[in-house]
There are 2 protein chains.
Amino acid sequence: MDEPRWLDEQEDRAWRGYRRMRRLLDLELARELMQDAGLSEPDYDVLSDLSETPEQRLRLSELADRMLWSRSRLSHHISRMQQRGLVTREECATDGRGSVVTLTPAGRQAVEAAAPGHVAAVRRHLIDLLTPAELAALGTLSHRVVDHLTGRPTGRPEAKD
Amino acid sequence: MDEPRWLDEQEDRAWRGYRRMRRLLDLELARELMQDAGLSEPDYDVLSDLSETPEQRLRLSELADRMLWSRSRLSHHISRMQQRGLVTREECATDGRGSVVTLTPAGRQAVEAAAPGHVAAVRRHLIDLLTPAELAALGTLSHRVVDHLTGRPTGRPEAKD
DNA sequence: TCTAGCTTGATGACATGTCAACCAAACTGC
DNA sequence: GCAGTTTGGTTGACATGTCATCAAGCTAGA
């Protein structure tokens with residue numbers, strides 16, 4: 001590592017652009033979501049993931065895994081959402097330790113109310129700005145990066161590919 | 001907005017992929033950076049931005065703008081970094097209200113020590129996984145999105161383009 | 001069956017980020 | 001000069017996320 005390979009101009013442009021986009025897109029989407037629907041992005045993600053399941057309910061750990069959140073974070077967050085009446089926490093029938101998070105009618109209503117506007121915002125600020133080729137590239141590249149990051153359990157084994 | 005245009009399969013794939021990549025990449029880069037250099041990503045970004053200036057010093061507001069941070073956030077963060085001896089806060093000579101953030105020798109040393117490993121991680125987990133075409137697409141697309149988001153001062157005027 | 005060890009989830013202490021209130025310096029126009 | 005406003009930055013209260021720890025419940029091997 002004596003002679004690090006710094007990023008060339010093209011690479012630097014992509015990396016900086018990515019980070020800036022990341023930040024700005026996040027701010028704007030969060031802002032609009034809060035303003036229009038009174039939900040934070042984490043709220044929306046929880047509700048959205050729950051509403052995509054057939055029973056509108058998931059084990060806490062299952063939900064945490066899908067969202068790539070720690071259990072602790074989800075537990076805290078569910079407590080807050082529970083207080084607002086968006087979800088409920090129930091005991092799991094098959095595992096005495098477990099708890100099951102369920103969408104309440106109010107929760108379901110909240111996502112359904114929020115979704116059209118949120119999707120429109122995602123389109124307006126990202127999707128509809130891309131050419132078909134860019135859209136395809138983004139899909140392909142992001143999945144490759146995800147696979148790479150999830151493929152190696154943990155740590156940084158010397159790349160052997 | 002009665003009939004929202006949901007994302008089609010291609011779009012959904014890109015959007016989900018993007019978010020998943022975003023999250024995983026962030027976690028991994030932050031993890032490595034902390035482990036290898038004892039810095040959080042925000043720490044690194046502050047130090048990195050400062051070290052890119054000729055004088056290793058910036059007005060607080062200037063730095064905040066570059067980083068897309070609120071002044072309040074930066075002020076808090078600088079206080080913490082100051083305590084750790086990475087930066088100092090000085091009064092601005094030309095504007096009695098202002099403060100200037102300066103990299104300390106320890107701060108400079110910290111970035112320089114961290115940079116090679118961090119760049120290597122960015123390569124390993126992102127840049128080097130992309131084809132030249134994908135790299136170019138990412139650069140182009142992200143800058144377009146950034147321009148779009150910064151072009152409109154605030155709010156959501158009906159798109160007129 | 002008993003038990004050691006793992007898993008699940010909750011919790012409290014702490015780090016970090018946000019928001020609004022505030023202060024002081026610096027413009028602005030009279 | 002100097003009221004009124006704007007700007008730059010700080011601060012404290014609060015929201016959120018992380019980490020370590022704990023209790024309870026599973027699971028598997030002796």
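All values reported here derive from a predicted model rather than from experimental measurement. Because only heavy atoms are used, hydrogens play no part in the values below, and waters and symmetry mates are left out as well, while side chains stay in.
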Transitive ILVMFWY cluster of B:M81, excluding itself - 4.5 Å side-chain cut-off: B:L33, B:L39, B:Y44, B:V46, B:L47, B:L50, B:L58, B:L60, B:L63, B:M67, B:W69, B:L74, B:I78, B:L86, B:V87, B:V101, B:L103, B:V111
Sugar-phosphate or base contact per nucleotide [nucleotides 23-28 of chain C; S, B, -; heavy atom under 4.0 Å]: --BS--
Set of residues satisfying side chain to side chain donor-acceptor pair (under 3.5 Å) with respect to B:D49, sequence neighbours excluded: none
B:H76 vs A:G98, nearer the 5' end of DNA chain C by closest nucleotide: A:G98
Pairs involving residues 84-94 of chain B, ordered by first then second residue, that meet salt bridge (Lys or Arg N to Asp or Glu O under 4.0 Å) (sequence neighbours left out): B:D43-B:R84, B:R57-B:E90
Partner residues of A:R59 under the salt bridge (Lys or Arg N to Asp or Glu O under 4.0 Å) criterion, sequence neighbours left out: A:D95
Hydrophobic cluster of A:M34, others only, ordered by chain and residue number, side-chain cut-off 4.5 Å: none
Outermost nucleotides of DNA chain D that come under 4.0 Å of a non-hydrogen atom of chain A: D:dT16 to D:dC26
Of residues 83-91 of chain A, the positions that come close to DNA chain D - non-hydrogen atoms, cut-off under 4.0 Å: none
Polar side chain donor-acceptor pair, B:H125 to B:E32, under 3.5 angstrom: yes
By salt bridge (Lys or Arg N to Asp or Glu O under 4.0 Å) - contacts of B:R19 (at least two apart): A:D45
For DNA chain C, the residues among residues 41-73 of chain B that have a non-hydrogen atom under 4.0 Å from it: B:P42, B:S72, B:R73
Set of residues satisfying salt bridge (Lys or Arg N to Asp or Glu O under 4.0 Å) with respect to B:D26, sequence neighbours excluded: A:R22
Residues A:E52 and B:R16 bridged, charged N to O under 4.0 Å: yes
Residues that A:E112 engages under side chain to side chain donor-acceptor pair (under 3.5 Å), provided they are two or more places apart: A:R108
Shared hydrophobic cluster for B:V146 and A:L27 (ILVMFWY, side-chain gaps under 4.5 Å): no
